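Taking it in order: structure first as structure tokens, then the write-up.
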Amino acid sequence: MKSRMRVFLIVLATTVGGLSLVLYTTLSEEVILKGISYCASSISKLTYSGITFFVSAFLAGFLASLIVVRDNGWPHFFITTMIVGKMLFLLFFGYWAASFWAVTGLHFSLVAGLWAGFYGAAKFPLAPM
């Protein structure tokens with residue numbers, strides 16, 4: 001594979017993976033759980049939000065891995081950097097809508113799901129080489 005094509009696939013997989021992560025997390029937060037509030041939601045609803053965020057990130061990571069030809073982790077690295085950057089932005093500028101540990105846990109769930117999707121796509125038997 002030429003280096004231009006490889007760079008194009010990395011950019012495409014990062015864009016598609018990031019946008020699908022935003023779409024899936026918005027769907028799980030607003031449609032499935034009908035809004036999450038750390039102060040008003042129950043413990044079970046917060047647990048479900050962590051699980052749905054993990055599944056959303058897993059699907060986004062799986063999709064990005066299939067686009068980029070499964071052994072390349074650069075899109076996942078870039079998406080992880082965006083997630084950590086968003087969390088640090090919220091930390092430094094004080095835009096926490098919930099407890100520090102709740103938001104950190106949800107972001108950690110996103111990162112873990114993203115890399116689990118990468119690993120799942122690497123083990124997927126029908127993935128392109």
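This one's a predicted model, so the numbers in the text were calculated from it and none came from an experiment.
For the pair S109 and A57, the tightest heavy-atom approach, listed with the atom from each and the gap, is O-CB, 4.4 Å. Between I10 and P75, the shortest heavy-atom contact is O-CG, 4.0 Å. G61 and H76 get closest at one heavy-atom pair: O-NE2, 2.9 Å. When all heavy atoms of V68 and A13 are compared, the closest pair comes out as CB-CB, 3.8 Å. Y24 and S56 get closest at one heavy-atom pair: O-OG, 3.3 Å.
Distance CD1/I67 to OG1/T15: 9.0 Å, rounded to 0.5 Å. We find the CH2-CZ distance between W74 and R6 to be 10.5 Å, quoted to the nearest 0.5 Å. In this structure, F77 CZ and T14 OG1 are separated by 11.0 Å, a value rounded to the nearest 0.5 Å. Put simply, OG on S49 and CD1 on I32 are 11.5 Å apart, with the number rounded to the nearest 0.5 Å. Within the model, atoms CD1 of I79 and OG of S20 stand 7.0 Å from one another, a figure rounded to the nearest 0.5 Å. Between the OG atom in S3 and the CZ atom in F8 there is a gap of 14.0 Å [rounded to 0.5 Å].
Placement of V84 and F92 within a single hydrophobic cluster is found when ILVMFWY residues are connected by side-chain heavy-atom separations under 4.5 Å, directly or transitively. Follow the hydrophobic side-chain contacts under 4.5 Å out from V7 and you never reach L9; the two are in separate clusters. L110 and L106 fall within the same hydrophobic cluster, defined by Ile, Leu, Val, Met, Phe, Trp and Tyr side-chain heavy atoms under 4.5 Å apart, directly or through other members. Hydrophobic cluster membership differs between F108 and M87, with clusters built from Ile, Leu, Val, Met, Phe, Trp and Tyr side chains linked at under 4.5 angstrom. Residue L19 is not grouped with residue V11 when hydrophobic side chains (ILVMFWY) are merged at heavy-atom distances under 4.5 angstrom, including chains of intermediate members.
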Between L91 and L88, does the side chain to side chain contact (heavy atoms under 4.5 Å, CB included) criterion hold? Intermediate values first, please. CA-CA 5 Å; L91 174 67; L88 290 175; 4.3 Å; yes
Pair L33-T52, side chain to side chain contact (heavy atoms under 4.5 Å, CB included): steps then yes or no: CA-CA 9 Å; L33 297 172; T52 58; 3.8 Å; yes
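The closest donor-acceptor contact from the side chain of T104 to the backbone of W101 lies at 3.5 Å or more, if one exists at all. Not one N or O on the side chain of H107 forms a donor-acceptor pair closer than 3.5 Å with the backbone of I83.
Counting only heavy atoms from C-beta outward, the side chains of L21 and M82 never approach each other to under 4.5 Å.
Not a single side-chain hydrogen bond (donor to acceptor under 3.5 Å, both in side chains) links T25 to another residue, sequence neighbours left out.
Counting heavy atoms of neighbouring residues, nucleotides and ligands inside a 6.0 Å radius, atom NZ of K45 exceeds 12 of them.
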Can you list, pair by pair, the side-chain donor-acceptor contacts under 3.5 Å of residues 113-120, counting residues two or more places apart and other chains?
{"unit_1": "W115", "atom_1": "NE1", "unit_2": "T80", "atom_2": "OG1", "d": "2.8"}

